[in-house]
Amino acid sequence: MWQNILEFFQTSGYAGFANSQMMVLRFIPGELIMIVISCVLLYMGIGRKFEPLLLVPIAFGMLLSNLPFGGVFTPAEGGQPGGLIYYLYYGVKMGIYPPLIFLGVGAMTDFGPLIANPKSLLLGAAAQIGIFIPFVIAFYLGKAFPSLGFDLKAAASIGIIGGADGPTAIYLTSKLKPELLGPIAIAAYSYMALVPLIQPPIMKALTTKRERQIKMEQLREVTKVEKIVFPIAVTIFIGLILPSAVPLLGSLMLGNLFRESGVTARLSDTAQNAMMNILTIFLGVSVGATANAARFLQPQTLMIIALGLFAFSCGTACGVLFGKIMCAATGGKVNPLIGSAGVSAVPMAARVSQVVGQRENPENYLLMHAMGPNVAGVIGSAVAAGVMLSFLG
Amino acid sequence: MWQNILEFFQTSGYAGFANSQMMVLRFIPGELIMIVISCVLLYMGIGRKFEPLLLVPIAFGMLLSNLPFGGVFTPAEGGQPGGLIYYLYYGVKMGIYPPLIFLGVGAMTDFGPLIANPKSLLLGAAAQIGIFIPFVIAFYLGKAFPSLGFDLKAAASIGIIGGADGPTAIYLTSKLKPELLGPIAIAAYSYMALVPLIQPPIMKALTTKRERQIKMEQLREVTKVEKIVFPIAVTIFIGLILPSAVPLLGSLMLGNLFRESGVTARLSDTAQNAMMNILTIFLGVSVGATANAARFLQPQTLMIIALGLFAFSCGTACGVLFGKIMCAATGGKVNPLIGSAGVSAVPMAARVSQVVGQRENPENYLLMHAMGPNVAGVIGSAVAAGVMLSFLG
Amino acid sequence: MWQNILEFFQTSGYAGFANSQMMVLRFIPGELIMIVISCVLLYMGIGRKFEPLLLVPIAFGMLLSNLPFGGVFTPAEGGQPGGLIYYLYYGVKMGIYPPLIFLGVGAMTDFGPLIANPKSLLLGAAAQIGIFIPFVIAFYLGKAFPSLGFDLKAAASIGIIGGADGPTAIYLTSKLKPELLGPIAIAAYSYMALVPLIQPPIMKALTTKRERQIKMEQLREVTKVEKIVFPIAVTIFIGLILPSAVPLLGSLMLGNLFRESGVTARLSDTAQNAMMNILTIFLGVSVGATANAARFLQPQTLMIIALGLFAFSCGTACGVLFGKIMCAATGGKVNPLIGSAGVSAVPMAARVSQVVGQRENPENYLLMHAMGPNVAGVIGSAVAAGVMLSFLG
Amino acid sequence: MDTVVVTETAGQMWTIVVVGIGTVFLCLFALVVMVSVFKAIFVREPKAAPKAEAPAAPAATAPAAARGLDGAVVAAIVAAVSAASGVPAASLRIASIERSGFNTPAWGHIDRA
Amino acid sequence: MDTVVVTETAGQMWTIVVVGIGTVFLCLFALVVMVSVFKAIFVREPKAAPKAEAPAAPAATAPAAARGLDGAVVAAIVAAVSAASGVPAASLRIASIERSGFNTPAWGHIDRA
Amino acid sequence: MDTVVVTETAGQMWTIVVVGIGTVFLCLFALVVMVSVFKAIFVREPKAAPKAEAPAAPAATAPAAARGLDGAVVAAIVAAVSAASGVPAASLRIASIERSGFNTPAWGHIDRA
Ligand code: NA
Ligand code: NA
Ligand code: NA
């Protein structure tokens, strides 16, 4: 009996710490550090309100999977069922959750400002250059320091952080480099939350006071028919040019069609509420659970965090610079500040454009003009992910 | 590098068109025609409001799966995960979605008018003859033109269109002849939407003005206990007579019990909203995706469309004729117009009875009387599907 | 043709009765008795309102799976898909539904009264002794009557009924002894519903009138931060002491964090409504379907029913007795009646404490004081289940 | 299964048609009878006992009258099972269930305050 | 797939960069054109026919003007498909669909009374 | 697994009982201590530092007092982790996180107008 009791205590989490395979500085078990990190992420999500809908499930998933012997992420083996998150993770592994979440995002998105001002699509394209610059750098880093393990697939997964679009980043990474899901998802959502801190200095550095004061013409009204035809036409157009973008873009556009058709309100409502919330919980918890100590507590995690910040900055800069080109080309009708919204991070980036613009000229209302590049950025990063997938997937 | 870029363009949808295996008239790629058809279906769903909750997802699923190389319906192979709709389609293949949607339909259905006037059940039975006549014809067509491939299973799947009940048609077809899912689902939902056009001429042709003017006695009130006992008793009764009807009928009745019990409002609400909407999206998109060019652009699709229309007409006619028999048997107490509602297509067919009846006699209110055969038709076609399944499944 | 028609009738449920493998008293088919039992359970759920959200689906699942040849619970075989409930049952078999339902329970639970009065946790612990006493007895019964088949796993599954917590009981039983799922789930939910009948006599027998009249001090207010930190800290604390409790407790606490964080209201709402209702339907129907005649109509079912009642009584008694100890230790500041609430059965057991207390002293409001042990009992029985799992799982 | 196609005969087809239409009418006529019994049990005053369609009903409705509506539910269920299964109601008598005086709410009612 | 790592060259990487940025701009510029055509079709008065980007549009908008808004939807879809696929619109003409006079509601509208 | 049945002894059973009841009380008593510490940290004025159960708490609450409620959350989490794991709080010190001035809303807040 005492023998059995002793064995029982051998299965406690403390015993798990003692036998951890990942001792940092030779005496701190890696799992414990991961638990602390997950608490910090919970604090960021709850205390600081950084994208809490995703960061809270991600952080809690990380917490659960790092409790030694907790078994929530244990694979099924030899007839024994696996842990809960092992099953939830299937939806990530098979690329099911991100497109279905995009369905909900589509049902929430109003493409009206983009239809009213189609040129803003180009700003959404320009900001995606912020995906490719860190891709190049990550690739050369990987060549220089092979121990980082940054091959092309890893580089593409890092670059996509610059797309500022969570489901796209998770979808691409799950296809190319699932072992990096944890740090990439955390970086993507954290920087999306930090957009109001990251963007303004870059925006100011690259524009003149005069440019920032430009007022833009009011947008035309968009008819209901245009809004209905838009998602269908986008699916066909881009689906024919770049088939690998169909899963993400097609779902986004189907959700948007549910929203705009006027006859499928039931489906639109469920897609953006019950279904999306369920999938968000499942996605967050299972992405978080991939971040185990042995994988996460590595130099490349820090590198990913750093490159992610760089990616966001590149995207912002490219958007603003292209805005300046459009400003020049239109004879000063485009305020370059709306270019930064092209990174997506809907709707924060558009609000940042509004705030920065209004600070220079209190009567300047850029919000609706920035929403165009903002939603274009969602399409743009899905296209970029499609290209990555068709070369590397 | 240029080599690679060239290869990349080989994977565009245009290249897919060029290499299509299904060239219609030697130069139009079949996929392109399917895309146009899906746009027409979208127009029917959105512009004409033909059962949009189903037709919009079906049409969009068809669109997505016909974008060349889009890969949304690619099976999983050799460790590579499949496309999104490949996974969603499991719920059709395994017969999961239709019964669960029936759960929601049951939670939406009021069997009160049927309980108040049980004889209306016979009208619901008679209208199901509209399933068996096209079944016979499809069988002989298959014998005459073997290239159509209309064996008994196909004939049964075609006949069930006459049941005017989407989930039943999809359930039966998925078990017997999944390759016909696309045309059969489209025919079923389109004709359901066209019930107000298809039925009135048949109804008028088969009845005299005098019959159409018959006013019916007001229905008795139905007690709460009857409504609670009804779904339980139906499940036991019919389940014992015809076990193969249990999956569909049992689900329908469980949903109805959630509705009527008075103590499971939470479950009833979710069954008819969040759950049903999610499943409708999944069902619609995956049924639509089965309609690929090689399968759909065949003479048998046109034949199915034609036989489906014929099936609806037969069902309507049989219902009305049986209504005439009941009218005669009861000494003119039954208006034969309510017979056409027996095809189900809830609640449109009942409204058609009301409209046609009121046109002859503005003070004639047939709606509640027609709801009885209408919901009986749902039970009747589930029973018919059960017989088909137990012979052919 | 007549041959075929005859064969068709051989597949009716009546033929199934005639060929039943389980003839009770040599002439009543077991399936028929199961159908009657399921009707009685439906009556208990609907007519008597005994935990209808669970009992109605459980009873209907039992009804469906006992309709001969109904095939709703047939396994997939040789390429033929299985029945609907066969697929729904995967979520039970793989331990997916109970933790996700706990997520919803966590989102519904207010741990405030427990945080305000942490000593009430000990009452929640004491009541769990009601799990271990029937465990001992079931084990010795199994030794005495080997035909009962009560090994340690069965005994643990029976004991957990005393935890008065449905998802925990189902989770543990599905891992240890899935063949007993039916009777154990039915016993657990029935006795939970009968708590107002079972507990008061025991409570009165074990306490003096004076003790029952004790008024308790008002609880302190609990800050928002405490409520946020509580679920995180509980997960870490208990997860490290007892890893096998993580799936249940971690889910409960994640749900509670969604509730309390203030920034994830969307997720909390869906977890406690749409998601929980869908899973409740699936769980109930599939647990009910496991109760087939051959398994259910056995002496051990009656034994489980009896031991379950005994378990509830033990838990109540242990809670009250520990309450008396605390009463003595605190110099009469604790009313022992709140101890009975420690069995969980949230919130009924707490209301029983309130009702019994107020009967002795109309100005005595014990409800909030009893909510502390009540929710502590949920944690306590999850811990007890964790211990069982780590020894026997 | 696909080899069936070769040997499919019109006879098989007509069997399905006959059995199919027959079963639909049989099932729905059974429901007509069943619902008519409902009316007899639940809607008329309890003094009028239900008819021969449900041989078990008289035995069951007697206590039902005493116990009121809820009892009637049990009675109806017993009658339905009995009528549907052909087993005499005597074998099916349900042990009396006492009214509890308390009605337990579901877990969904956890205090959300 | 993992053996690719060994042979990955900067050339492959630059190919992805060039094609990637190129495709993003190509796709989004295509949408600029497409949305501009929208404006031409749906917002201006129907007398002004859309420009060369959609060769099928003139043929399609003529009946659209007659049939009103709903017809315009069809026209736009045909134009979009045609422009996107490069197949002349003539091959795509949609058989006229008559207005039905009734609009069928979805099953979701089952009477809940 | 089924062969276990044969060899199951009362000793195994009593082990489970003892460990089971012990663990339930241990866990819930640990929570009593934990929640009592909460009260010390969050409810009393910050001048009263928490007791020995959480050796890391004093170090952590000092900045917490300066930063207010949000800081207290971090402090409590660090204290809890430290107390639960037995690792000195020094190894766990969290690098200071600056207040951002902006709070980013979730994607759920996409403009629905
Ligand atoms: Na983007
Ligand atoms: Na029907
Ligand atoms: Na408990």
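No hydrogens, no waters, no symmetry mates; every other heavy atom, side chains included, goes into these values. Within every chain, numbering begins at 1; the chains are lettered A, B, ... in the order of the sequence lines, protein sequences first and strands thereafter.
Annotation: side chain of Val225(C) is not in contact with side chain of Ile41(F) (no heavy-atom distance under 4.5 Å). The side-chain heavy atoms of Phe391(C) and Gln12(F), taken from C-beta on, include no pair separated by under 4.5 Å. Under the 4.5 Å side-chain criterion, counting only non-hydrogen atoms from C-beta, Val387(C) is not in contact with Val24(F). Side-chain contact between Val33(F) and Phe237(C) is absent, with no heavy-atom pair separated by less than 4.5 Å. Proximity of Met34(F) to Val234(C): side-chain heavy atoms (C-beta onward) are separated by under 4.5 Å at one or more points.
In terms of non-hydrogen atom pairs under 4.5 Å with chain C, the most contact-rich of Ile16(F), Val19(F), Leu26(F) is Ile16(F). The candidate from Thr23(F), Val17(F), Leu31(F) with the greatest count of non-hydrogen atom pairs under 4.5 Å with chain C is Leu31(F).
Residue contact with chain F, scored on non-hydrogen atoms closer than 4.5 Å, involves the side chain of Phe322(C) exclusively. Proximity to chain F involves both the backbone and the side chain of Leu122(C), based on heavy atoms less than 4.5 angstrom apart. Contact annotation for Ala116(C): neither backbone nor side-chain heavy atoms come within less than 4.5 Å of a heavy atom of chain F. Heavy-atom distances place both the backbone and the side chain of Glu226(C) under 4.5 Å from chain F. At a 4.5 Å heavy-atom cutoff, the contact between Ile241(C) and chain F is made by side-chain atoms alone.
Ring geometry for Phe230(C) against Phe38(F) counts as perpendicular: the plane angle is over 60°, on a 0 to 90° scale with 30° as the lower cut.
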